[in-house]
S.K.: 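Supplied in structure tokens, the structure appears directly below.
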Amino acid sequence: MRTKIVVGNWKMNNSVAESLELATAIAEKVGKGIHCCEVGIAPTFLALHEVGKLIEWSDILLTAQNCHYENDGAFTGEVSASMLAAVGCRYVILGHSERRQFFGDTSAIVNRKVKKALEQGLRVILCVGETLQERESGVTGSVITGQVVEGLDGVADISSLVIAYEPVWAIGTGKTATSAQAEEVHASIRATVAGLYGQTAADHLRIQYGGSVKGSNAAELFAMPNIDGGLIGGASLNADDFMAIVKAAC
Ligand code: PGA
């Protein structure tokens with residue numbers, strides 16, 4: 001039985017003060033104790049340290065939105081995985097489509113980041129997803145398989161890894177993949193992973209869905225056999241909306 005995981009990706013939103021306010025509201029609701037799913041929040045780099053201190057008492061998992069593939073050095077504007085681990089990050093999101101689309105994160109770069117983050121003891125949420133054009137030209141399967149295979153190249157152990165399937169056409173558009181469309185891709189990702197790492201490792205892997213998840217559609221998505229939670233953008237910026245999604249995972 002896989003424990004579901006719901007992570008709020010705040011993207012480039014919220015000042016430090018606003019981040020602390022939102023984190024406080026979520027931490028009060030998540031609290032501490034036994035939970036039916038894992039819950040994470042991913043503020044900007046700037047707010048990570050303070051938010052981390054604030055939510056330390058709770059079960060919320062501090063998550064970063066990106067990292068660099070080297071430990072340190074002359075990489076202006078970047079933050080390393082070891083720095084994230086040092087401020088208490090448990091997870092890092094890598095290969096988000098916005099990184100791939102706007103910041104040149106190729107699968108080869110994402111792969112270097114995945115390896116570095118795992119080496120530094122972080123858990124990784126590896127994002128994959130096809131564009132609308134790719135879906136319409138019938139290449140969704142090969143695009144996703146390629147991103148999974150390239151993203152995991154040289155990764156020996158996937159026990160600290162989560163994959164997030166996020167169709168690019170569904171991110172921030174209000175257009176969600178139907179539960180059947182998402183389930184089809186999730187099942188194929190699990191089959192790809194089974195081919196690479198064996199059935200047991202594939203059965204243990206959590207695969208989140210992301211792309212316009214809301215309180216109103218989360219339960220149907222999370223009820224699918226291969227959907228193990230969600231990576232939430234817009235709806236994670238409001239504590240009540242986010243918690244409605246967390247509840248749907250239980
Ligand atoms: P969205 O974003 O929920 O706003 O569509 C999801 C994501 O990019 O992780």
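Just so it is clear, the structure is predicted and the values come from calculations on it, not from any experiment. The figures here come from the full heavy-atom set of this structure, side chains too, leaving out hydrogens, waters and symmetry mates. Indexing begins at 1, ligand by ligand and atom by atom, following the structure's order.
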S.K.: Heavy-atom contact under 4.0 Å between S212 and ligand 1?
M.R.: yes

S.K.: Taking only non-hydrogen atoms of G211, do any sit less than 4.0 angstrom from ligand 1?
M.R.: yes

S.K.: For E184, look at atom CD and say whether over 12 heavy atoms of other residues, nucleotides or ligands are found less than 6.0 Å away.
M.R.: no

S.K.: In terms of atom number and element, which parts of ligand 1 are under 4.0 angstrom from non-hydrogen atoms of N9?
M.R.: 9 (O)

S.K.: Applying a heavy-atom cut-off of 4.0 Å, say which part of A164 lies close to ligand 1: side chain, backbone, both or neither.
M.R.: neither

S.K.: Can K53 and E50 be counted as an ion pair, charged N to O under 4.0 angstrom?
M.R.: no

S.K.: Between S107 and R100, do the side chains contain an N or O donor and an N or O acceptor separated by less than 3.5 Å?
M.R.: yes

S.K.: Look at atom 3 (O) of ligand 1 and say which protein heavy atom is nearest, naming residue and atom and giving the distance to 0.1 Å.
M.R.: G233 N, 2.9 Å

S.K.: Short list, please: which atoms of ligand 1 are under 4.0 Å from a heavy atom of G234?
M.R.: 1 (P), 3 (O), 4 (O)

S.K.: E166 to ligand 1: N or O pair under 3.5 Å?
M.R.: yes

S.K.: Quick check on contacts: which atoms of ligand 1 are under 4.0 angstrom from a heavy atom of G172?
M.R.: 1 (P), 4 (O), 5 (O)

S.K.: Is any side-chain N of the basic residue among K116 and E70 closer than 4.0 Å to the acidic one's carboxylate O?
M.R.: no

S.K.: Is a donor from one side chain sitting under 3.5 angstrom from an acceptor on the other, for T24 and E21?
M.R.: no

S.K.: Taking 4.0 angstrom as the limit and counting only heavy atoms of A170, give me the atoms of ligand 1 inside it, by number and element.
M.R.: 5 (O)

S.K.: Just to verify, which of R190, H186, R206 counts as forming a side chain to side chain donor-acceptor pair (under 3.5 Å) with D228?
M.R.: R190

S.K.: Should the heavy atoms of other residues, nucleotides or ligands under 6.0 Å from CD of E78 be counted, would the total exceed 12?
M.R.: yes

